[in-house]
Amino acid sequence: MPELPEVETIARSLREGRLNEPSILERRITDVYLLWERTLATPDPEEFKARLIGQVIQDIGRRGKFLIIQLSPDQHLLFHLRMSGDLILGQVEGPPAPHDRIILLLDGNLRLSFNDTRKFGRAWLVSDTGPILENLGPEPLDPTFSAEDLFSRLQTFHRQLKPLLMDQTFLAGLGNIYTDEALHIASIHPLRHSDTLTFAEATRLWQSIRHVLQEGIRLSGASIDWVYRGGEFQNHFRVYKRTGEACPTCGTSIQKIFVGQRGTHYCPNCQPNPQERVQY
DNA sequence: CCTGAAACCTGTCTGC
DNA sequence: TGCAGACAGGTTTCAG
């Protein structure tokens, strides 16, 4: 499921609570179950359990698509949800749900489950988040991330624009949905090479990236298929999963192509193909 | 340096 | 109905 807005939505709901769900702040971890070993990246299962039990949750944050649960100044529990991961909080009742991979029991009869159908997700318990997070690019919603920053970074590479935007070392947080949406709003073709964008185009792209991410967060993320629940950004897609439907801007039929092995949706009128532009 | 393919997984949907 | 194949919100690794 998760791109930046979905991870941010989960982080906020765990931190602040929401309807019928309490905050997990200040809760103590009373027990740990590892139901699928490969979900745990580090440390080994025994140490994982021993170091977690008794810890109290101090804060919940996010960096890119990583969800970060801070337990103490030198104990951080990180989750990456990859394609199908989710964190589900509920009362302890009955057996684990299908696809639960890691379960934390919290005081107050609460159960925090890392549920992940496709088993791509990972968890890390580390004293220092540096090695895991240090290669991530800037946070797109950080107030210090400017259009000038994006423009200069784009000029550093001669790469297809969409895969570059989804490269987490270039920019942290965009995935397939929000990249397609941002490129459509900016009227830029996904196959443009990054160093061909003008400053005006880079500025439009910067604005559209921040806009779609903020809208995604405002709408509590996108809920598609069997994964995730609650968000409604999926009702506001302009191009994603709308192949053959009318472009909301000009009415042209939305096209789907593959870019870097990922399904890519765009409007051939609003986002002209660079290879078809007449060269003088 | 850049691109594409494959791998890691399970579930759903489409088409024959 | 059954079954093969394509595809899905991500990332890593390898070949060319």
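Numbers restart at 1 for each chain; the letters A, B, ... are given by sequence-line order, proteins then strands. Below, all heavy atoms of this structure are taken into account, side chains as well, without hydrogens, waters or symmetry copies. Because the structure is predicted, anything quoted here is derived from the model rather than measured.
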_d(CZ, A/Phe258; C1', C/dA6) in whole Å_ = 8 Å
*Between A/Tyr178 and A/Tyr240, ring centroids under 6.0 Å*: no
*With both distances under 3.5 Å as the test, what is the Watson-Crick or G-U wobble partner of B/dC9?*
none
_Whole-angstrom distance between C/dA6 and B/dA6, as gauged at atom P_ = 12 Å
_Nearest whole Å is fine: how far is C/dG10 C1' from A/Tyr240 OH?_
12 Å
*asked:* Looking only at the side chain of A/Asn176 (C-beta and beyond, no hydrogens), which of the listed nucleotides C/dG9, C/dC7, B/dC9 gets closest?
replied: C/dG9
_Rounded distance in Å - CG (A/Leu165) to P (C/dG10)_ = 13 Å
*To the nearest angstrom, how far is A/His265 atom NE2 from C/dG9 atom P?*
7 Å
*Side chain of A/Arg38 (C-beta onward), nearest among B/dG11, B/dC9, C/dG10*: B/dC9
*asked:* Rounding to an integer number of Å, can you tell me how far A/Lys241 NZ sits from C/dA8 P?
replied: 8 Å
*Decide whether a cation-pi geometry holds between A/Arg153 and A/Phe170; the criteria are a distance under 6.0 Å from NZ or CZ to the six-membered ring centre and an angle within 45° of the ring axis.*
yes
*Within 6.0 angstrom of A/Phe199 CZ, more than 12 heavy atoms from elsewhere*: yes
*Short side-chain N/O contact from A/Lys119 to OP1 or OP2 of B/dC8, under 4.0 Å*: no
*asked:* So that I can tick it off, tell me whether A/Glu3 and A/Lys65 are bridged by a salt bridge, with the cut-off set at under 4.0 angstrom between side-chain N and carboxylate O.
replied: no
_Rounding to an integer number of Å, can you tell me how far A/Phe120 CZ sits from B/dC9 C1'?_
4 Å
*Flag, side chain of A/Gln160 to backbone of A/Gly260, donor-acceptor distance under 3.5 Å*: no
*Residue closer to the 5' end of DNA chain B, A/Pro163 versus A/Arg122 (nearest nucleotide)*: A/Pro163
*In terms of side-chain heavy atoms of A/Lys65, which of B/dC8, C/dG9, C/dG10 is nearest?*
C/dG10
*asked:* Whole angstroms only, please: what is the CD-P distance between A/Gln261 and B/dA7?
replied: 11 Å
*Indicate whether A/Phe157 forms a stack on B/dC1; treat it as stacked only if centroid distance is below 5.5 angstrom and interplanar angle below 30 degrees.*
no
*Taking atom C1' of B/dT3 as reference, at what distance in whole Å does atom NE2 of A/His193 sit?*
10 Å
*A/Arg82 side-chain N/O to C/dG9 phosphate OP1/OP2 under 4.0 Å*: no
*Determine, step by step, whether A/Arg38 and A/Lys119 satisfy the side chain to side chain contact (heavy atoms under 4.5 Å, CB included) criterion, reporting the C-alpha distance in whole Å, the side-chain angles of both residues, the deciding distance to 0.1 Å, and the verdict.*
CA-CA 8 Å; A/Arg38 296 195 59 184; A/Lys119 300 178 177 174; over 6 Å; no
*Go through B/dT3, B/dG11, C/dG9 for me and flag the one nearest to the A/Gln160 side chain.*
B/dT3
*Respond yes when some side-chain nitrogen or oxygen of A/Lys256 is under 4.0 Å from OP1 or OP2 of C/dA8, and no when none is.*
yes
*For C/dT11, does OP1 or OP2 lie under 4.0 Å from any side-chain N or O of A/His80?*
yes
*Across all strands shown, which nucleotide pairs with B/dC1 by Watson-Crick or G-U wobble geometry, both distances under 3.5 Å?*
none
*Nearest listed nucleotide, side chain of A/Arg118, among C/dA8, B/dC2, B/dG11*: C/dA8
*Would you mind telling me which of B/dG11, C/dG10, B/dC8 lies closest to the side-chain atoms of A/Glu3?*
C/dG10
_Suppose we define a pair by two distances each less than 3.5 Å, Watson-Crick or G-U wobble; what does C/dG9 pair with here?_
none
*Using the P atoms only, state how far C/dT11 lies from B/dG11, rounded to an integer number of Å.*
22 Å
